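The model shown is predicted, which means the values in this text are computed figures rather than measured ones. The sequence lines fix the lettering, A, B, ..., with proteins before strands; numbering per chain opens at 1. Below, each value reflects all heavy atoms present in this structure, side chains not excepted, and no hydrogens, waters or symmetry copies.
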Amino acid sequence: MSNRGIPLPGRYDDIMSLSVRKGFIWPTADIYGGFGGFYDYGHLGAGLKRKWEDAWLRHFVKSEDNYYLVDTTTILPYRSLKASGHVDHFTDVMAKCSNCGESFRGDQLLEDATGASAEGMSPDDIDAKLEELRLKCPECEGEFEATELFNMMFPLAVGPAGTDDAFLRPETAQGVYLNFKREFEALRRRIPMGLAIMGRAFRNEISPRQGTYRMREFIQAELQIFFDPEDEGFPSSMSLSDFDGLGVRVAFEEDRENVQALSCQELMDKGLPWFYVAHMAKVQSFYTDLLGYPPEKFRFAELGEDERAFYNKIHFDIQIDMGSLGGFKEVAGIHYRTDHDLSGHEKESHEKMSVSSGGRRFIPHVLELSFGVDRNVWSLLDTFYKKNERSILKLPPPLAPIEAGVFPLLSKDGLPELAREVYTRLRKEFDCFYDASGSIGKRYARMDEIGTPYCITIDHDSLKDNTVTVRERDTTDQTREGIDALPDVLRKLLRTF
RNA sequence: GCGGGUGUAGUGUAGCCUGGUAUCACUUGAGCUUGCCAAGCUCAUAACCCGGGUUCAAAUCCCGGCGCCCGCACCA
């Protein structure tokens, strides 16, 4: 990824400070000095995250026939991850130079020296081979220490026997593949079939960095779409004509800095299959149309052969330009995983994964839409937090953790009583916040900073005619509405997707 | 994991070199005030990342750990 660049000065700190002060995000076990690679969500962060997840679910899962949300365990048995390739590919044998201290991947050293793949070799075998070939540190010609196994997966000892026979899942996707046969039956053997999981995944990152961008425990929202690779009609409910006006913003591998806006047809002319293009359009539409990201901050970045997993036939990252992180950073990916995963599980479990459809028998191919939820939440804060004379978090209203503030203009003359009454009525349906403290301007400012799109103020006129002012966050414009009409008014303003 | 920087109320900071338990601002809470955009006044709450060591005395000096930021490496 060409993520080079320096963060805007103070931008990261501004967002982290906002997060901590107001209740979005802070380090796990903060009172013990934090815990590298782990972050907790406060009340606002949890609300924002939940609403992003709801939006994702509606846009990608509930909008299609035969797409469903499932939920699977975070602990998986050894064999399932052996079959998926994670046991071998997620485990690196590190060789450390005794002289300069530099670390290298043992299999890489052997491959460079012999030209043959050394993947999956045990540390002892690699040690023996390094010895045999008399390999020295490429940096300083120093000797290597005994190699060590570094596993990106967290091993677990399940049961009283206490053997390392399980791992915390490194991606949610495997949960879907393991349940493919059951769901295919339960959903009456229909293809295409989409199965989504939103849940936690775990990777023992060597150096977690940049807040919630790279964590050791993180949340994924992943959709696995199973389809017939030979069926041009997939998926039947999608049509490229839905995206006619959309210029799909793409940066190809050979010229990563050059973002082109291409039509779906132009992308297909470049050799991408139509189902892949359709999902690119759908993803971009999610960000730029639904959530309102500025198009220039959005792009697909093609990953080259050496950057993507070997089984991903086509792989574009979805990247958002984040000032706090120094440029375009990955928030999601679209991966054409072919039949790699189902075939792997068929081989290891001896369960047939092939299906009959369209008069043929085949193992379905998988298109995976994979989103990092925490990264997306961070990108919302980065993209929509404006800090000038006013500090405003210009969140899309449907994502705002607090949807409306309800204030009495003054703390006297019966205004608080009526305001409380309005608040009590609205809170049944909307996420509301009542506040009577400080000046009205200060209360507006507090709401602006946490992204509350609307504030309702009860004044003296309200007592006479049952109307209130509704103040809009970004413009500060006010309209006067009847108290009885508020639910309808707010519904129209807030339930926009 | 390596190198550089760094850690003081909720947030941002002064103090650290030249040891004597801490500055300022904003925030937060209470009260007064306040007829619509962080106004004002009074009062209050609140901090030296953790653990050792040196010393009569450690935020300050030394050692170890942890966290954070930047670079390298890593991120099938």
Considering every strand and a 4.0 Å limit on heavy-atom distances, what is the contact class for A:Gly36: base, sugar-phosphate, or nothing? sugar-phosphate

Find the distance A:Asn204:CG to B:rA76:C1' and express it as a whole number of Å. 15 Å

Under 4.0 Å: is that the gap between some side-chain N or O of A:Ser439 and OP1 or OP2 of B:rA39? yes

Does a nitrogen or oxygen in the side chain of A:Gln478 sit under 4.0 Å from OP1 or OP2 of B:rC37? no

Student check: side-chain heavy atoms of A:Glu222 and A:Glu368 closer than 4.5 Å: yes

Hey, is the side chain of A:Ser437 pairing donor to acceptor with the base of B:rA30 inside 3.5 Å? no

Base, sugar-phosphate or nothing for A:Glu171? Non-hydrogen atoms, less than 4.0 Å. base

Which part of the nucleic acid, if any, lies within contact of A:Thr476, taking any heavy atom under 4.0 Å across all strands shown: a base, the sugar-phosphate backbone alone, or nothing? base

How would you label the contact of A:Arg209 with the nucleic acid (heavy atoms, under 4.0 Å): base, sugar-phosphate, or nothing? base

Roughly how far apart, to the nearest Å, are B:rU6 and B:rA38 at atom P? 38 Å

Taking the P atom of each, how far is B:rC75 from B:rC17, in whole Å? 44 Å

Under 4.0 Å between a Lys/Arg side-chain N and an Asp/Glu carboxylate O for A:Asp484 and A:Arg425? yes

What is the separation between atom CG on A:Leu18 and atom C1' on B:rC26, rounded to the nearest whole Å? 15 Å

Would you tell me if any nitrogen or oxygen in the side chain of A:Tyr12 comes within less than 4.0 Å of OP1 or OP2 on B:rC69? yes

Between A:Lys22 and A:Glu449, is there a side-chain N and carboxylate O pair less than 4.0 Å apart? yes

Atom pair distance, as rounded to whole Å: CZ in A:Arg21 and C1' in B:rU11: 6 Å

Tell me: CZ of A:Phe35 to P of B:rG65, nearest whole Å? 17 Å

For A:His340 and A:Tyr311, take the angle between the two ring planes, folded into 0 to 90°, and tell me which bin it lands in: parallel under 30, tilted 30 to 60, perpendicular over 60. parallel

What's the closest nucleotide to the A:Gln210 side chain, out of B:rC68, B:rC70, B:rU34? B:rC70

N/O (side chain, A:Lys412) to phosphate O (OP1/OP2, B:rU34) under 4.0 Å: yes

Look at all strands and tell whether A:Gly37 reaches a base, only sugar-phosphate, or nothing, counting heavy atoms closer than 4.0 Å. sugar-phosphate

For atom P, what is the distance between B:rU8 and B:rU60, given to the nearest Å? 13 Å

Does OP1 or OP2 of B:rC37 have a side-chain N or O of A:Arg446 closer than 4.0 Å? no

Below 4.0 angstrom, N of the basic side chain to O of the carboxylate: do A:Arg11 and A:Asp14 qualify? no

Both A:Arg203 and A:Asp435 contact RNA chain B. Which one's nearest nucleotide lies toward the 5' end? A:Asp435

P atom, B:rG65 versus B:rC70: distance in rounded Å? 23 Å

Take the angle between the ring planes of A:Phe90 and A:His86 and call it parallel below 30°, perpendicular above 60°, tilted in between. perpendicular

Judged by each residue's nearest nucleotide on RNA chain B, which is more toward the 5′ side, A:Ala445 or A:Arg214? A:Ala445

Could you state the OH-C1' distance from A:Tyr32 to B:rC50, rounded to the nearest angstrom? 11 Å

Interatomic distance where OH belongs to A:Tyr444 and P belongs to B:rC36 [whole Å]: 10 Å

Should A:Lys442 be listed as having a side-chain N or O under 4.0 Å from OP1 or OP2 of B:rU28? yes

B:rC26 to B:rC41 separation - P atoms, rounded to the nearest Å: 9 Å

Under 4.0 Å, heavy atoms only, any strand: does A:Gly211 hit a base, just the sugar-phosphate, or nothing? sugar-phosphate

Give me the distance, rounded to whole Å, that separates B:rA59 from B:rC50 when you measure between the P atoms they each carry. 10 Å

When rounded to whole Å, the OH to C1' distance for the pair A:Tyr311 and B:rA76 reads 7 Å

